[in-house]
Amino acid sequence: MYLSSWRTGEHPQQMLGLLTGAAGTRAAVIANAVDALPDAERRAAVEREIDALAALGLRPVEVDLRAFFGQDPSRVAATLRGFPLLWVRGGNVFVLRHALAASGADRAIAELLREDAAVYAGYSAGACVLAPDLHGLDRCDAPEAVQTAYGTPARFDGLAVLDYVVVPHIDSPGHPETKILGEVADHYRAQGTAHRTLRDGQSLVINGPTTAVH
């Protein structure tokens with residue numbers, strides 16, 4: 001896994017190194033964390049991700065999880081299985097969590113990771129959603145955005161792929177959420193909640209039993 005604080009980070013070669021023959025690898029861009037944005041803003045956000053990944057020599061394609069809402073979970077599982085790299089964009093972690101659940105992608109991603117059949121990568125909310133629980137992140141991301149995007153309440157369970165919360169944008173003066181996420185990290189420390197912090201530019205690379213920050 002390659003979990004960045006902001007965009008592709010300062011060491012995207014670490015992500016490429018997790019792939020077998022990285023050049024030309026198909027990458028699924030999951031951008032549902034920005035589903036609450038107006039359509040034009042959402043399209044621009046997706047295009048930025050596609051451009052950034054293409055610049056690394058990858059072949060990115062958006063997989064919009066909304067197309068799989070209410071469908072048999074095997075459909076999204078089969079689609080995601082066709083991509084060696086899953087790139088999960090930042091945005092609102094609660095909106096992303098809902099989209100993963102409503103499409104069945106949460107279970108599909110967990111299965112792919114258990115089989116070591118895909119590399120999970122992404123940033124900000126894309127890393128946060130892997131936690132066991134999302135409580136505390138509502139200090140930064142509005143759970144009400146799920147109601148705006150989908151007309152349903154937010155859920156607070158994470159994917160539980162990790163046994164800790166990734167807290168991005170720490171000590172990152174150029175990011176508007178750095179102060180509030182510093183407070184989130186302080187809250188986790190006070191509560192004894194397991195977490196790891198990343199500043200913008202850094203990434204957490206998990207390869208088998210090895211975990212390193214770059």
Side-chain angles (χ1 to χ4, degrees), residues 1-6 8-9 11 14-15 17-19 28 30 32-33 65 73 76-77 80-81 84-141 143 146 154-172 177-178 180-214:
M1 286 190 284
Y2 179 83
L3 307 177
S4 173
S5 178
W6 181 240
T8 55
H11 303 284
Q14 295 289 334
M15 175 178 70
L18 298 173
L19 299 166
I30 297 174
N32 295 92
L65 298 181
V76 73
L80 294 179
R81 195 168 284 277
L85 176 66
L86 309 178
W87 178 257
V88 186
R89 190 199 191 282
N92 185 295
V93 69
F94 299 102
V95 173
L96 174 61
R97 178 65 184 100
H98 177 86
L100 290 167
S103 63
D106 51 358
R107 295 185 296 278
I109 288 170
E111 181 70 18
L112 289 170
L113 293 177
R114 277 195 297 272
E115 296 175 3
D116 197 21
V119 172
Y120 183 102
Y123 66 94
S124 196
C128 296
V129 77
L130 300 176
D133 189 275
L134 306 182
H135 284 91
L137 294 171
D138 50 323
R139 293 170 176 241
C140 178
D141 288 358
V146 181
R155 54 190 297 166
F156 281 75
D157 61 318
L159 298 193
V161 170
L162 302 177
D163 58 4
Y164 53 86
V165 189
V166 175
V167 185
H169 313 311
I170 297 298
D171 297 328
S172 304
E177 295 174 346
T178 188
I180 189 65
L181 282 164
E183 294 172 6
V184 169
D186 289 343
H187 170 72
Y188 285 149
R189 274 191 290 273
Q191 295 294 316
T193 300
H195 67 286
R196 286 176 179 252
T197 61
L198 293 173
R199 64 164 176 78
D200 287 356
Q202 287 184 321
S203 55
L204 188 66
V205 180
I206 303 170
N207 189 5
T210 305
T211 299
V213 175
H214 294 271

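As the structure is a prediction and not an experimental result, all values here were calculated from the model. Positions are given from 1, in the same order as the sequence printed here.
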Trainee: Does any N or O in the side chain of His195 come within less than 3.5 Å of the main-chain N or O of Thr193, such that one atom is a donor and the other an acceptor?
Mentor: yes

Trainee: Determine the minimum heavy-atom distance between Ala154 and Val146, stating which atoms define it.
Mentor: CB-CG2, 3.7 Å

Trainee: Quick one: list whatever passes salt bridge (charged side-chain N to carboxylate O under 4.0 Å, His left out) with Asp141, sequence neighbours left out.
Mentor: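 Asp141 satisfies salt bridge (charged side-chain N to carboxylate O under 4.0 Å, His left out) with no other residue.
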
Trainee: Before giving the answer on side-chain contact (heavy atoms from CB on, under 4.5 Å), spell out for Leu3 and Arg196 the whole-Å C-alpha distance, their side-chain angles and the decisive distance to 0.1 Å.
Mentor: CA-CA 11 Å; Leu3 307 177; Arg196 286 176 179 252; over 6 Å; no

Trainee: Go through the structure and list residues passing salt bridge (charged side-chain N to carboxylate O under 4.0 Å, His left out) with Arg139, not counting sequence neighbours.
Mentor: none

Trainee: At their closest point, which heavy atom of Asp171 faces which heavy atom of Thr178, and how far apart are they?
Mentor: N-OG1, 3.3 Å

Trainee: Can you tell me how far CZ of Arg81 sits from CD of Glu115, rounded to the nearest 0.5 angstrom?
Mentor: 4.5 Å

Trainee: From Tyr2 OH over to Leu204 CG, what is the distance, rounded to the nearest 0.5 angstrom?
Mentor: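 The OH atom of Tyr2 sits 10.5 Å away from the CG atom of Leu204.
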
Trainee: Could you tell me the separation between the CG atom of Leu85 and the CG atom of Leu18, rounded to the nearest 0.5 Å?
Mentor: 9.0 Å

Trainee: Enter the distance from Asp138:CG to Phe94:CZ here, rounded to the nearest 0.5 Å.
Mentor: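 If we round to the nearest 0.5 Å, Asp138:CG and Phe94:CZ are 4.5 Å apart.
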
Trainee: Could you list the donor-acceptor pairs under 3.5 angstrom formed between side-chain atoms of residues 118-128 and any protein atom two or more places apart in sequence or on another chain?
Mentor:
residue	atom	partner	partner atom	Å
Tyr120	OH	Gly126	O	2.6
Tyr123	OH	Glu49	OE2	2.7
Ser124	OG	His169	NE2	2.9

Trainee: Where is the tightest heavy-atom contact between Arg155 and Arg97, given as atom of each residue plus distance?
Mentor: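 Closest approach of Arg155 to Arg97, heavy atoms only: NH2-NH2, 3.4 Å.
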
Trainee: Which heavy atom of Glu177 sits nearest a heavy atom of Ile180, and at what distance?
Mentor: O-CG2, 3.3 Å

Trainee: Please evaluate residues Leu100 and Val88 with respect to the criterion side-chain contact (heavy atoms from CB on, under 4.5 Å), reporting the C-alpha separation (whole Å), side-chain torsions for both, the decisive distance (0.1 Å), and the verdict.
Mentor: CA-CA 11 Å; Leu100 290 167; Val88 186; 5.7 Å; no

Trainee: Of the non-hydrogen atoms in Ala99 and Asn32, which two are nearest, and what is the gap between them?
Mentor: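 Residues Ala99 and Asn32, closest heavy atoms: CB-CB, 3.6 Å.
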
Trainee: Give me the atom names and distance for the closest heavy-atom approach of Val166 to Leu162.
Mentor: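 Closest heavy-atom pair between Val166 and Leu162: CG2-CD1, 3.9 Å.
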
Trainee: Any heavy-atom pair between the side chains of Leu80 and Ile30 that's under 4.5 Å?
Mentor: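 Yes, their side chains come closer than 4.5 Å.
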
Trainee: Measuring from Leu159:CG to Leu96:CG, what's the distance to the nearest 0.5 Å?
Mentor: 7.5 Å

Trainee: Counting C-beta onward and ignoring hydrogens, is there a side-chain heavy-atom pair between Leu130 and Met1 closer than 4.5 Å?
Mentor: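 Answer yes - side chains close enough.
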
Trainee: Supply the atom-to-atom distance Ile170 CD1 to Asp186 CG, rounded to the nearest 0.5 angstrom.
Mentor: 8.0 Å

